[in-house]
Peer 1: 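Here it is, the structure in full.
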Amino acid sequence: ETETEAEAEAVKVKVKAKVCVLLLCGLPGAGKSTLARKLKHFVELLTPSTRRSAQVSVVCFDDVGDQVAKRECGKDEYEPAVWKSGRIEALSKLESELCTSTSTLAAEQKENEKESKQLVIVDDNMQLRSMRREVYILARKYRTDFVILHLAVSLPEALKRNAGREREGRVPEHVLHKMHSSFESPDGTQHKWEAKTIALNALEDIDLEKVWNELLHRLWSVAVDDYHSPDSQNERRMEGQQINARSSLYQLDQRLRKALSAAVASWKSGDPSLSGDALREKVAKAGKEKKRILEEKPEDVDLALVNYCDLLYSL
């Protein structure tokens with residue numbers, strides 16, 4: 001790699017991501033969908049020629065879930081199996097949106113050097129960290145930035161707002177209670193990928209301009225770092241475990257071979273009258289046991305070696 005290529009790559013790494021995923025999370029009734037609509041409208045009203053403007057799209061998991069429910073069972077009431085199907089389809093829709101956005105903006109920039117950018121708002125409860133990680137991994141895959149907006153609301157307030165909804169949009173109370181008890185708030189100190197988080201109180205008036213400025217000027221930066229992504233960390237961890245396992249098995253194999261060689265020498269010297277057929281039978285039995293031990297991949301290799309040696313000298 002030349003010095004010029006290295007410099008170009010360094011600059012590329014520092015370039016602000018063209019697409020940013022803004023993931024909304026909070027209990028039902030916190031006002032996430034309302035906030036998503038208002039923020040989209042606010043940003044779209046900005047003068048397109050200014051650096052503060054951006055294209056905005058919203059992927060609402062509830063809307064996708066309702067469509068799936070009506071399609072699969074003719075109604076949009078809550079059912080766990082249908083909810084899971086709706087979530088899978090919503091994630092698929094989000095991935096399609098990210099794929100289209102990133103490729104379109106890249107083509108536009110190449111064609112007319114226009115500095116376009118797009119905000120993709122993900123509207124869902126996302127009460128579990130594992131749910132948010134699914135979206136984060138998609139952001140990593142398509143080299144976008146990733147920011148969380150946590151809209152906090154108390155359980156009593158969430159229950160009150162939920163009760164005021166139309167029947168078809170109401171979440172069963174026992175489900176809301178369960179979501180509240182299992183809710184995992186974003187924690188950037190323990191989980192670095194959640195470090196970019198905007199925390200808002202659902203009971204307070206939300207200043208859209210302040211939210212947008214914080215997102216645009218402070219949080220929206222480079223694309224998610226692939227090296228530190230959950231996927232990459234897990235892949236490296238798995239690879240390390242496999243290397244260690246292969247190394248341990250290799251060492252055990254060598255020790256078992258040495259033990260067998262020593263046993264063969266002992267058989268020959270201990271019984272000069274031992275026939276070739278009898279020796280081959282002992283070696284075959286020992287070889288079969290050696291193969292079995294390696295296939296089982298024992299955690300305690302020292303114990304496995306001791307047991308193998310006991311077998312060898314019992315033959």
Side-chain angles (χ1 to χ4, degrees), residues 21-40 58-95 97 120-139 146-191 193-194 196-206 211 230:
V21 173
L22 178 63
L23 181 146
L24 307 187
C25 72
L27 291 176
K32 299 182 298 298
S33 297
T34 300
L35 176 58
R37 288 193 298 270
K38 287 183 176 180
L39 185 58
K40 182 177 187 296
V58 178
V59 178
C60 178
F61 277 45
D62 281 350
D63 288 349
V64 177
D66 290 345
Q67 294 170 7
V68 171
K70 289 177 181 178
R71 185 179 69 230
E72 295 189 4
C73 55
K75 56 183 179 180
D76 54 8
E77 293 181 359
Y78 177 84
E79 288 188 13
V82 177
W83 175 84
K84 289 181 180 178
S85 296
R87 183 169 183 78
I88 291 172
E89 191 161 317
L91 285 169
S92 178
K93 180 178 179 179
L94 172 60
E95 179 163 14
E97 177 66 28
V120 179
I121 302 175
V122 180
D123 176 13
D124 189 41
N125 303 307
M126 297 287 175
Q127 71 271 20
L128 300 180
R129 184 163 288 107
S130 59
M131 294 176 173
R132 299 194 291 271
R133 278 185 61 163
E134 288 179 318
V135 177
Y136 172 80
I137 289 171
L138 284 179
F146 177 82
V147 178
I148 298 172
L149 193 156
H150 178 202
L151 195 55
V153 65
S154 67
L155 178 60
E157 181 64 22
L159 289 169
K160 176 183 174 182
R161 294 184 179 187
N162 184 59
R165 289 176 166 177
E166 296 292 333
R167 183 176 179 278
E168 60 271 12
R170 208 175 298 157
V171 177
E173 280 199 11
H174 73 278
V175 173
L176 211 159
H177 275 277
K178 185 177 180 179
M179 292 174 66
H180 175 263
S181 63
S182 63
F183 197 95
E184 298 172 325
S185 297
D187 185 354
T189 58
Q190 295 295 320
H191 306 275
W193 58 276
E194 290 190 316
K196 292 184 179 183
T197 297
I198 300 172
L200 299 176
N201 188 331
L203 293 180
E204 297 178 357
D205 291 334
I206 296 175
V211 170

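Nothing here was measured: the structure is a model prediction, and the numbers come from that model.
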Peer 1: Yes or no on side-chain contact (heavy atoms from CB on, under 4.5 Å) for Leu35 and Val211, after CA distance, side-chain angles and deciding distance?
Peer 2: CA-CA 11 Å; Leu35 176 58; Val211 170; 5.8 Å; no
Peer 1: Rounded at 0.5 Å granularity, tell me how far NE2 in His174 sits from CG in Leu176.
Peer 2: 10.5 Å
Peer 1: Using a 4.5 Å cut-off on heavy atoms from C-beta on, say whether the side chain of Val135 contacts that of Asp124.
Peer 2: no
Peer 1: Return the CE to CE distance between Met179 and Met126, rounded to the nearest 0.5 Å.
Peer 2: 10.5 Å
Peer 1: Apply side-chain contact (heavy atoms from CB on, under 4.5 Å) to residues Val175 and Lys178 and explain how you reach the verdict.
Peer 2: CA-CA 5 Å; Val175 173; Lys178 185 177 180 179; 5.6 Å; no
Peer 1: Can you confirm whether more than 12 heavy atoms, excluding those of Glu134, are under 6.0 Å from its CD atom?
Peer 2: yes
Peer 1: Hey, could you give me the CG/CZ distance between Leu27 and Arg161, rounded to the nearest 0.5 Å?
Peer 2: 10.5 Å
Peer 1: Between Arg87 (side chain) and Phe61 (backbone), is there a donor-acceptor pair under 3.5 Å?
Peer 2: no
Peer 1: Stepwise, does the side-chain contact (heavy atoms from CB on, under 4.5 Å) test hold for Leu159 with His177?
Peer 2: CA-CA 9 Å; Leu159 289 169; His177 275 277; 3.8 Å; yes
Peer 1: What distance separates Glu173 CD from Leu155 CG, expressed to the nearest 0.5 Å?
Peer 2: 9.0 Å
Peer 1: Output the distance between atom CD (Glu95) and atom CG (Leu91), rounded to the nearest 0.5 Å.
Peer 2: 9.0 Å
Peer 1: With Glu184 as reference, evaluate Gln127, Arg129, Glu194 under the side-chain contact (heavy atoms from CB on, under 4.5 Å) test and give the passing residue.
Peer 2: Arg129
Peer 1: Identify the two heavy atoms, one from Arg170 and one from Arg165, that lie closest to each other, and give their separation to 0.1 Å.
Peer 2: NH2-O, 3.0 Å
Peer 1: Which heavy-atom pair separates Cys60 from Asp123 by the least distance, and what is that distance?
Peer 2: SG-OD2, 3.5 Å
Peer 1: If you round to the nearest 0.5 Å, how far is CG of Asp187 from OG1 of Thr197?
Peer 2: 9.0 Å
Peer 1: Give me the atom names and distance for the closest heavy-atom approach of Phe146 to Arg132.
Peer 2: CZ-O, 4.1 Å
Peer 1: Do Leu22 and Leu39 make a side-chain contact, defined as non-hydrogen atoms from C-beta onward lying under 4.5 Å apart?
Peer 2: yes
Peer 1: I want to check something: taking the side chain as every heavy atom from C-beta on, are Leu23 and Tyr136 in contact at a cut-off of under 4.5 Å?
Peer 2: no
Peer 1: State whether Lys93 and Glu97 are salt-bridged, where the test is any N-O pair (Lys NZ or Arg NE/NH1/NH2 against Asp/Glu carboxylate O) under 4.0 Å.
Peer 2: no
Peer 1: Do you know the tightest heavy-atom contact between Val21 and Ala139?
Peer 2: CG2-CB, 4.3 Å
Peer 1: Which is it for Leu151 and Leu24 under the side-chain contact (heavy atoms from CB on, under 4.5 Å) test, yes or no, and what are the steps along the way?
Peer 2: CA-CA 7 Å; Leu151 195 55; Leu24 307 187; over 6 Å; no
Peer 1: So, for Ile148 and Cys25, which heavy atoms are closest and what is the spacing to 0.1 Å?
Peer 2: CG2-SG, 4.0 Å
Peer 1: Taking Gly29's backbone N and O only, do any of them form a donor-acceptor pair with Asn162's side chain (distance below 3.5 Å, no angle check)?
Peer 2: no
Peer 1: Could you report the tightest heavy-atom contact between Val171 and Pro28, atom names first, then the distance?
Peer 2: CG2-CB, 3.9 Å
Peer 1: Measuring only between side-chain heavy atoms, which start at C-beta, is Leu149 closer than 4.5 Å to Lys32?
Peer 2: no
Peer 1: What is the ring orientation for Phe183 with His150, classed by angle as parallel under 30°, tilted 30 to 60°, or perpendicular over 60°?
Peer 2: parallel
